[in-house]
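Below, chains carry the letters A, B, ... as their sequence lines are ordered, and counting in each starts from 1. Here the structure is a predicted model, which means the values were calculated and not measured. In what follows, every heavy atom counts, from backbone to side chain, and hydrogens, waters and symmetry copies are set aside.
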There are 2 protein chains.
Amino acid sequence: MCCVKYGVTRDYVLGLEVVTGTGEVVRLGRRTSKGVAGYDLVGLMVGAEGTLGVVTEITVRLRRLPPVGVTAVGYFDSVGQAGDAVRATAAAGLRPAALELVDRHCLRAVDAWKNMGLSAEADVVLLARFDDDGRAAEEGARRMVDCFRGAGSTWADRSETEEEAEMLFAARRLAFPALERLGPVLTEDICVPIGAVAEMLARIDRTAERHRITIANIAHVGDGNLHPLLVTEHGDAAAQVRARAAFDDIIADALELGGTVTGEHGVGLLKRPGLTRELGPAVLEMHRAVKRALDPAGILNPGKVFGPA
Amino acid sequence: MCCVKYGVTRDYVLGLEVVTGTGEVVRLGRRTSKGVAGYDLVGLMVGAEGTLGVVTEITVRLRRLPPVGVTAVGYFDSVGQAGDAVRATAAAGLRPAALELVDRHCLRAVDAWKNMGLSAEADVVLLARFDDDGRAAEEGARRMVDCFRGAGSTWADRSETEEEAEMLFAARRLAFPALERLGPVLTEDICVPIGAVAEMLARIDRTAERHRITIANIAHVGDGNLHPLLVTEHGDAAAQVRARAAFDDIIADALELGGTVTGEHGVGLLKRPGLTRELGPAVLEMHRAVKRALDPAGILNPGKVFGPA
């Protein structure tokens, strides 16, 4: 959840031990905080989903554990308003450690399971955590609350206690298993520019209506990384077909808004068509050329990401 | 100078327009803050020194301009003590925006040119800048001064005024041109783990003695990124031969201490032998395979970085 301030896994991987496509064991990367000796093969391996080598050891950059921090909460009547609030926080230059969105479908599912009473109070919840040292965290949370109120929150405040903040983040963490209790969940993982978050959430709502399925939203919204969760009922094969069509529509909308088909989960098998659309033929061929160069025998996680040549 | 807090160029490049080795114009990367659609070809291009494509457009991630900040200064009698101070600041978890070292050779050269009077006061100067919001910068600078004093600084304090801080950073910036007034300068660019900075600086001193040349040091020392500057006199061909030998010894020492042959300047022609030593044959062959894949005709900055196959 803390990518919005701390970046992603790739930013923390300094070195790797890798078994290559030609059967050699090599060390890539470095142990220093900077370095430009040769190509960034470490960055190339991270996120390659095992298609360029088998990673057998990882050297990571460490950071000190941050303070617990201060949490700001905003309740909203619509995802549109929540999207506006996110844009306002980005424009104000706020740097929360986490900025998460949980929508009404998730709140209801969590309440149905754990009876936390959240869905009666809000349609959409935004949660922001600031973990800066000293008074900077308090100050960040105060300004975040101002942004929430400015965007039309029905209620917004800083958490008074650590327990209260933990309870809200617990609801966020429970959203996915709570939805899975209702039926099979197809998890999306699109990422759009921050300015397009509100529009993307609106389109997701229309997609749900059009295909007559439930699409819940949890989102690392400070990054524009949305996880629409397409929920159907067990054994409803027709709904599952409609969910796949909705899944494709969401990808098409994300691309149209300048986004990407995967913010963090990767391509695997399910997003190969989306990847092909996003990259286009010339860039896809560059990927295939790199793949052939480092896996000449085609033995590393074959068929994944790019599929057969 | 601010990599120690803000990271390097590669961390800020989101997208590229590139003319490929096969003559196509492609767009790589994305406009979103996160994304894992396919291989990180943007990261592969950045730092490839033009050997994988011709970059014609760059989309960068922006940050807000930080406050001017607060500067902490420490004077030391030896590079060893300054190295210990750097290790202490890293162990204390301090996150300055910049942490720079300037040694006696640089201070003397700057004084000989601009008469700033620094070389009479210190053998080595450490400069740290904190640009956090509000009182966090003051607090960081205060703790940095404590680290300097704990490591045996002869004098350490926070700058009282912005002008005073600017003057010290000006001396840092003038070091390179001041040395160039004395003769040809061969610039090193090694990076070692923070814990090895003191030992590396000591080895550089011994290398200078052994080869009877002047080696001045400026360093992005918070990253362990050192720029030993090998200064000879105009027309002294014998000294220039000794400087090249010293250059090679410094690279060997950096590698022995777990470092890299280039922290930020790259390989070009001069560091091809060092790169070969650092990578080893199997990893070098992976580089060549990627190069052949993306530049099948061998037309992109030929001979650079890896040299002829």
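With a 4.5 angstrom heavy-atom cutoff, B:Lys291 touches chain A via backbone and side-chain atoms both. Only the side chain of B:Val8 comes within contact range of chain A, with heavy atoms under 4.5 Å apart. Proximity to chain A (any heavy atom under 4.5 Å) is restricted, for B:Thr20, to the side chain, taken from C-beta onward. For A:Ala92, the part lying near chain B is the backbone, with the side chain staying farther off; criterion is any non-hydrogen pair under 4.5 Å. Interface remark: B:Glu264 contributes backbone and side-chain atoms alike to the contact with chain A (heavy atom separation under 4.5 Å). At a 4.5 Å heavy-atom cutoff, the contact between A:Arg95 and chain B is made by side-chain atoms alone. At a 4.5 Å heavy-atom cutoff, the contact between B:Arg10 and chain A is made by side-chain atoms alone. Heavy atoms closer than 4.5 Å to chain A are found in the backbone of B:His265, but not in its side chain. Within the 4.5 angstrom heavy-atom criterion, no atom of B:Ala136 approaches chain A. Proximity to chain A (any heavy atom under 4.5 Å) is restricted, for B:Cys3, to the side chain, taken from C-beta onward. With a threshold of 4.5 angstrom between heavy atoms, B:Asn225 approaches chain A through side-chain atoms but not through N, CA, C or O.
Contacts with chain B were tallied for A:Pro296, A:Gly47, A:Gly280, A:Ala289; A:Ala289 has the most, counting heavy-atom pairs under 4.5 Å. For the set A:Asp223, A:Thr260, A:Val192, the entry with the most heavy-atom pairs within less than 4.5 Å of chain B is A:Asp223. Options A:Val18, A:Leu284, A:Val4, A:Thr51 differ in how many heavy-atom pairs under 4.5 Å they form with chain B, and the most are formed by A:Thr51. Ranked by heavy-atom pairs under 4.5 Å with chain B, the first of A:Leu28, A:Thr32, A:Asp11 is A:Thr32. Comparing A:Gly263, A:Ser33, A:Ala293 by heavy-atom pairs within less than 4.5 Å of chain B, the highest count is held by A:Gly263. Of the residues considered (B:Glu278, B:Arg63, B:Arg30), B:Arg63 shows the highest number of contacts with chain A, using heavy-atom pairs under 4.5 Å. Of the listed residues B:Val290, B:Val25, B:Ile194, the one with more heavy-atom pairs under 4.5 angstrom with chain A than any other is B:Val290. Between chain B and the options A:Gly43, A:Pro193, A:Gly93, A:Gly7, the largest number of non-hydrogen pairs under 4.5 Å is found for A:Gly93. When the candidates B:Leu294, B:Val305, B:Leu279 are compared by the number of heavy-atom contacts under 4.5 Å with chain A, B:Leu294 comes out ahead.
With respect to the salt-bridge test (charged N to carboxylate O, under 4.0 angstrom), the residues B:Glu57 and B:Arg27 qualify. Taking a cutoff of 4.0 Å between a charged side-chain nitrogen and a carboxylate oxygen, B:Glu138 and B:Arg142 do not qualify as a salt bridge.
Contact record, B:Tyr6 with B:Pro66: OH-CB, 3.7 Å, taken as the closest heavy-atom pair.
Contact check for B:Leu257 versus B:Leu255: no side-chain heavy atoms found under the 4.5 Å cut-off. Looking only at side-chain heavy atoms (C-beta outward), A:Glu24 and B:Met286 stay at 4.5 Å or farther from each other. Within the 4.5 Å cutoff, the side chain of B:Ile250 has heavy atoms near those of the B:Met200 side chain.
Ring planes of A:His287 and B:Tyr39: parallel class, angle under 30° (limits at 30 and 60°).
A side-chain donor-acceptor contact under 3.5 Å links B:Asp189 and B:Thr262.
Annotation: A:Arg31, atom CZ; neighbour count of heavy atoms from other residues, nucleotides and ligands within 6.0 Å does not exceed 12.
Rounding to the nearest 0.5 Å gives a distance of 6.5 Å between CG of B:Leu41 and CE of B:Met45. Between the CD1 atom of B:Ile204 and the CD atom of B:Glu188 there is a distance of 8.0 Å, given to the nearest 0.5 Å. In this structure, CG on B:Asp248 lies 8.5 Å from CZ on B:Arg277, to the nearest 0.5 angstrom.
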